[in-house]
Amino acid sequence: MYNQTISFVGGGNLARALIASFRKKGILGSKIVVSNRGKEKLLALQSDYDIVPASNIEAAEKGDVLILAVKPQDLQEVSLQIRNAVQKKNPLVISLAAGIDEETLNEWLGSDLSIVRTMPNTATLIGKGITAIYANSRTTPSQKELAESLFRLCGSTCWVETEKGLNLMTPFIGSGIAYLYLFVEALESSALKLGIDPAITREMALQTVFSAAEMALETKDPLHQLIGQVATPGGVTEPSLAVIRSGGLFESMDEAFQIVVQRCENINSEAPSSQPE
Ligand SMILES: NC(=O)c1ccc[n+]([C@@H]2O[C@H](COP(=O)([O-])OP(=O)(O)OC[C@H]3O[C@@H](n4cnc5c(N)ncnc54)[C@H](OP(=O)(O)O)[C@@H]3O)[C@@H](O)[C@H]2O)c1
């Protein structure tokens with residue numbers, strides 16, 4: 001299955017995370033072709049993972065699977081640049097870009113392409129990512145299987161039936177990991193203010209989040225029950241939880257999710273339509 005060449009256009013954070021997992025799970029460096037705007041990241045990827053560096057057009061010419069890993073605002077320029085090569089090669093196109101829908105991408109790249117859109121997160125770097133996947137109607141069952149199997153090398157996957165569904169998953173999967181790191185920073189910051197040794201705060205804060213997640217997964221107990229085991233009536237935690245709740249944690253999270261979904265929807269509607277030539 002992985003005899004096919006996988007090309008990346010864009011070699012930034014997420015491409016690096018995917019490449020790290022692909023290489024760790026046995027995909028040969030010679031089967032991974034990468035292009036990037038700046039040379040520095042490309043050389044670092046070549047040195048770390050033995051990938052084949054290329055120009056954008058070369059990457060599109062070679063890739064049986066073409067992973068578009070540039071920011072949404074750079075996707076149109078890149079697509080127009082590689083469209084002739086893409087039309088000739090007719091690869092399975094996998095877009096990582098938030099918000100740009102398959103119809104727009106199909107228009108930029110030519111037409112009649114099998115396009116899979118994904119929303120992964122950066123934990124793909126350690127093979128523990130989560131990726132939501134959407135495939136357009138031209139994607140064949142074997143192409144779907146290929147896309148899913150590639151992202152399974154990087155963690156777990158879930159399919160969504162619509163592009164709207166992918167937008168809804170974006171704050172949860174793509175951004176959620178950043179919200180949790182922010183929460184860890186808050187734990188750490190409060191610990192430091194109490195004078196707890198800075199040498200141990202980061203690790204203890206991360207370990208607290210890790211063990212909490214592991215315990216919830218292992219016991220399968222409802223979260224309110226696990227919270228109740230800590231915040232016993234009359235105990236020290238109970239009044240502090242009330243403070244956190246009244247500080248608007250849930251409302252802030254709702255707002256954060258709405259902002260991301262809205263941003264995804266706006267990216268696409270703001271994208272200029274293009275009919276080159
Ligand atoms: N990071 C996340 O957690 C996350 C999660 C889900 C989805 N995504 C999506 O994944 C995609 C990549 O995100 P990222 O975080 O990896 O961004 P990133 O680190 O900024 O990587 C984007 C890369 O694209 C390169 N690039 C820009 N214009 C180019 C061009 N014309 N030709 C070739 N390469 C070009 C940039 O090169 P230079 O830096 O050299 O200019 C950069 O290395 C985005 O579409 C994003 O929406 C990201």
ILVMFWY cluster, L168 and F172 together (side-chain gap under 4.5 Å): no

What I'd like to find out is whether the side chain of M204 reaches to under 4.5 Å of the side chain of E188, using heavy atoms alone. no

Residue pair Y134 / E161, side-chain heavy-atom distance below 4.5 Å: no

Is a side-chain N or O of S211 found less than 3.5 angstrom from the main chain of Q207, in a donor-acceptor match? yes

Does K24 reach the side chain of L153, with side-chain heavy atoms less than 4.5 Å apart? no

Would you find a donor on one side and an acceptor on the other, under 3.5 Å apart, between the side chain of S190 and the backbone of L187? no

Rounded to the nearest 0.5 angstrom, the CD1-OH distance for I177 and Y181 is 4.0 Å

D48 vs R23, test: salt bridge (Lys or Arg N to Asp or Glu O under 4.0 Å). Steps then yes/no. CA-CA 10 Å; D48 294 345; R23 291 290 286 122; over 6 Å; no

V93 side chain near L109 side chain, heavy-atom distance below 4.5 Å: yes

Can a donor-acceptor pair be found between the side chains of N106 and S111 at a distance below 3.5 Å? no

Counting only heavy atoms not in Q73, do more than 12 sit closer than 6.0 Å to its CD atom? yes

Yes or no on side chain to side chain contact (heavy atoms under 4.5 Å, CB included) for V52 and I32, after CA distance, side-chain angles and deciding distance? CA-CA 6 Å; V52 180; I32 303 176; over 6 Å; no

Quick check on Y179: does its OH atom have over 12 non-hydrogen neighbours (other residues, nucleotides or ligands) under 6.0 Å away? yes

Least distance between heavy atoms, A97 atom then R117 atom: O-NH2, 3.8 Å

Should we say atom CZ of R202 is surrounded by more than 12 heavy atoms from elsewhere, each under 6.0 Å from it? no

Can you confirm whether L194 is buried at CG, in the sense that more than 12 heavy atoms of other residues, nucleotides or ligands lie under 6.0 Å from that atom? yes

Quick one: does any side-chain atom of R83 pair with a main-chain N or O of E107 as donor and acceptor, under 3.5 Å? yes

With a 4.0 Å cut-off, would you call E58 and K62 a salt bridge? no

Apply side chain to side chain contact (heavy atoms under 4.5 Å, CB included) to residues Q87 and L113 and explain how you reach the verdict. CA-CA 8 Å; Q87 283 298 308; L113 294 163; 4.1 Å; yes

Please check: side-chain N/O of S21 versus main-chain N/O of L18, any donor-acceptor pairing under 3.5 Å? no

Hydrophobic cluster membership, L45 vs V33, 4.5 Å side-chain cutoff: no

In this structure, CD1 of I27 is separated from CG of L150 (nearest 0.5 Å) by 5.5 Å

Would you say that more than 12 heavy atoms from the other residues, nucleotides or ligands in this model lie under 6.0 Å from the CD of E238, or not? yes

Exactly one candidate in I115, L75, L96, I94 meets side chain to side chain contact (heavy atoms under 4.5 Å, CB included) with L68; the answer is L75

Between V34 and L42, which heavy-atom pair has the shortest distance, and what is it? O-CD1, 3.3 Å

Can you name the nearest heavy-atom pair linking A132 to I173, along with the distance? CB-CD1, 3.8 Å

Go through it in stages, so that I can follow the logic: the residues are T170 and R263, the test is side chain to side chain contact (heavy atoms under 4.5 Å, CB included), and I'd like the CA-CA distance, side-chain angles, deciding distance and then a yes or no. CA-CA 10 Å; T170 301; R263 180 83 193 100; over 6 Å; no

Looking only at non-hydrogen atoms, find the nearest pair between A85 and A60 and report the distance. CB-CB, 3.8 Å

Taking all non-hydrogen atoms of both residues into account, name the closest pair between N36 and G12 and its distance. OD1-N, 4.2 Å

Could you check if a side-chain atom of I100 sits within less than 4.5 angstrom of a side-chain atom of I267, using non-hydrogen atoms only? yes

Is a side-chain donor or acceptor of T118 paired with a backbone partner of P120 at a separation under 3.5 angstrom? no

Would you sort out whether I19 and F8 count as a side chain to side chain contact (heavy atoms under 4.5 Å, CB included), showing the intermediate values? CA-CA 9 Å; I19 291 165; F8 285 83; 3.5 Å; yes

The reported gap from CG in L28 to NZ in K31 (rounded to nearest 0.5 angstrom) is 7.5 Å

Do I133 and V65 land in one hydrophobic cluster if side-chain heavy atoms of ILVMFWY residues count as linked below 4.5 Å? yes

Closest non-hydrogen atom pair between P91 and V86, with its separation: CD-O, 3.5 Å

Donor-acceptor pair, N136 side chain versus T139 backbone, under 3.5 Å? yes

Do N167 side-chain atoms and C264 backbone N/O form a donor-acceptor pair below 3.5 Å? no

Membership question, hydrophobic clusters at under 4.5 Å side-chain separation (ILVMFWY): are M253 and M119 in the same one? yes

CG (L80) and CH2 (W108) are apart, to the nearest 0.5 Å, by 8.0 Å

Is there a side-chain contact between L241 and I227 (heavy atoms, below 4.5 Å)? yes

Count the heavy atoms belonging to other residues, nucleotides or ligands that lie under 6.0 Å from CZ of F257, then report whether that count exceeds 12. yes

S114 side-chain N/O to L92 backbone N/O, donor-acceptor pair under 3.5 Å: no

Kindly compute the distance separating CG (N56) from OG (S35), expressed to the nearest 0.5 Å. 3.5 Å

Would you check if the side chain of E265 reaches a backbone N or O of Q262 as a donor-acceptor pair within less than 3.5 Å? no

Same cluster for L223 and M215 if Ile/Leu/Val/Met/Phe/Trp/Tyr side chains link at under 4.5 Å? yes

Please check if atom CD in Q229 has more than 12 non-hydrogen atoms from other residues, nucleotides or ligands closer than 6.0 Å. yes

Are there over 12 heavy-atom neighbours, none belonging to Q225, within less than 6.0 Å of that residue's CD? yes

Run E148 and K144 through salt bridge (Lys or Arg N to Asp or Glu O under 4.0 Å) and show every step you take. CA-CA 6 Å; E148 182 176 340; K144 284 186 190 172; over 6 Å; no

Are the side chains of D197 and T201 in contact, using a 4.5 Å heavy-atom criterion? no

Taking side chain as C-beta onward, heavy atoms only, is V261 less than 4.5 Å from P171? yes

Rounded distance (nearest 0.5 Å) linking atom CG of L125 with atom CG of N121: 10.5 Å

Is there a donor-acceptor contact under 3.5 Å from the side chain of T232 to the main chain of G228? no

